[in-house]
Visitor: 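Handing you this structure, nothing more for now.
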Amino acid sequence: MGKVKISEHPLAKHKLTLLRDKNTDSKKFRELIREITLLIAYEALRDLALVPIQTDTPLASTTGCRLAEPIGLVPILRSGLGMVEGIWEMIPAAEVWHIGLFRDERTLRPVAYYNRLPVHPTVSVCLILDPMLATGGSAVKTVEILKEWGARRIKFLGLLAAPEGVEALTRAHPEVEIYLAALDDRLDDRGYIVPGLGDAGDRQFGTA
Ligand code: URA
């Protein structure tokens with residue numbers, strides 16, 4: 001299954017169960033997305049590069065470190081938005097670059113309707129944020145966009161995936177690491193992840 005890392009953290013499992021529950025309201029749903037994202041980001045960010053720096057405590061001078069690489073958070077609109085805030089609080093210097101995609105009904109391929117990336121890359125590590133890796137079409141397209149932009153290292157952070165989505169992303173971009181809270185059973189004929197959690201956008205934004 002390529003570079004797929006599924007969280008084993010008990011808190012992620014506990015919170016994911018609450019997230020799946022159809023009776024969880026929108027406010028709680030957003031809180032849970034934020035919290036589970038943090039647990040997944042903890043794993044995904046383990047290999048961030050550091051550079052040593054000197055710092056003065058009230059008692060002495062000592063060697064510490066700071067993050068070496070500029071980091072970009074790339075939420076896929078709209079359901080990726082709820083995954084931004086928690087990581088951004090931990091890494092306030094991260095840049096946030098939104099990507100919006102729709103499906104061309106003729107070609108069935110994702111087309112970008114929102115992409116304000118500047119010509120030259122401003123970050124070297126990109127974290128794509130999308131809670132649901134379903135068919136994988138949006139994730140594959142977003143990685144293509146980021147590679148063309150010049151991002152050197154790209155990771156995908158999601159909450160749930162279908163095997164079809166993992167397979168599509170891994171086949172198209174085998175070097176992209178995929179971090180998840182769970183890998184579900186399948187997609188249904190409407191492209192929903194089963195058992196899943198329903199529509200992650202509608203449940204976050206109260207638009208169901
Ligand atoms: N997007 C969602 O919001 N839910 C799914 O199950 C699949 C894609």
Side-chain angles (χ1 to χ4, degrees), residues 1-2 4-7 12-13 15-41 44 73-87 98-105 107-115 127-146 154-173 176 178-208:
M1 270 281 203
V4 185
K5 174 101 178 95
I6 298 167
S7 176
K13 292 176 194 283
K15 287 175 186 290
L16 183 61
T17 306
L18 297 173
L19 191 74
R20 289 185 192 275
D21 187 336
K22 65 180 182 189
N23 295 314
T24 297
D25 68 23
S26 204
K27 180 168 186 287
K28 184 70 185 166
F29 192 87
R30 291 193 296 274
E31 285 168 12
L32 289 164
I33 289 217
R34 182 182 172 285
E35 291 167 353
I36 301 168
T37 300
L38 278 174
L39 293 166
I40 292 167
L73 308 181
V74 184
I76 301 181
L77 299 175
R78 69 184 161 142
S79 45
L81 288 175
M83 297 178 71
V84 172
E85 209 55 49
I87 308 181
H98 302 86
I99 296 289
L101 302 166
F102 70 88
R103 198 160 94 127
D104 182 319
E105 290 308 330
T107 62
L108 301 182
R109 287 192 46 81
V111 177
Y113 69 84
Y114 189 85
N115 169 3
L127 307 180
I128 299 176
L129 307 177
D130 187 352
M132 310 301 274
L133 181 58
T135 62
S138 301
V140 168
K141 177 71 184 172
T142 303
V143 175
E144 273 169 28
I145 290 171
L146 294 175
I154 301 169
K155 296 171 186 253
F156 179 92
L157 275 67
L159 303 189
L160 292 184
E164 294 89 330
V166 171
E167 166 77 26
L169 181 52
T170 304
R171 198 173 338 104
H173 304 291
V176 171
I178 302 172
Y179 293 87
L180 300 167
L183 179 62
D184 274 9
D185 298 342
R186 61 183 175 88
L187 287 180
D188 71 7
D189 50 13
R190 294 177 309 152
Y192 278 86
I193 297 174
V194 182
L197 49 75
D199 189 305
D202 279 346
R203 292 194 65 187
Q204 278 179 79
F205 298 108
T207 51

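For ligands, and for the atoms within them, numbers begin at 1 and follow the listed sequence. If you're wondering where the values come from, they're calculated on a predicted model, not measured in any experiment.
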Visitor: Would D184 and R20 pass as an ion pair if we require N to O under 4.0 Å?
Guide: yes
Visitor: Can you find a heavy atom in the side chain of Q204 that is under 4.5 Å from one in the side chain of S26?
Guide: no
Visitor: Please verify whether a non-hydrogen atom of S79 lies at under 4.0 Å from ligand 1.
Guide: no
Visitor: Is any side-chain heavy atom of L38 less than 4.5 Å from a side-chain heavy atom of R34?
Guide: yes
Visitor: Need the ligand 1 atom indices (1-based, order shown) with element for anything under 4.0 Å from a heavy-atom of I193.
Guide: 5 (C), 6 (O), 7 (C)
Visitor: Can you tell me the protein heavy atom closest to atom 7 (C) of ligand 1 and the distance?
Guide: G191 O, 3.5 Å
Visitor: Within the 4.5 Å heavy-atom criterion, are K28 and D25 side-chain neighbours or not?
Guide: yes
Visitor: Check for me whether A162 has a heavy atom closer than 4.0 Å to any atom of ligand 1.
Guide: no
Visitor: Under 4.0 Å from a heavy atom of A134: give me the atoms of ligand 1 that qualify, with their elements.
Guide: 7 (C), 8 (C)
Visitor: For atom 4 (N) of ligand 1, what is the nearest protein heavy atom, given as residue, atom name and distance?
Guide: G198 O, 2.8 Å
Visitor: For atom 3 (O) of ligand 1, what's the nearest protein heavy-atom neighbour? Residue, atom name and distance, please.
Guide: A200 N, 2.7 Å
Visitor: Under a 4.5 Å cut-off applied to non-hydrogen side-chain atoms, are L19 and L159 in contact?
Guide: yes
Visitor: With no hydrogens and no angle check, just 3.5 Å: does a side-chain donor-acceptor pair link T207 and R78?
Guide: yes
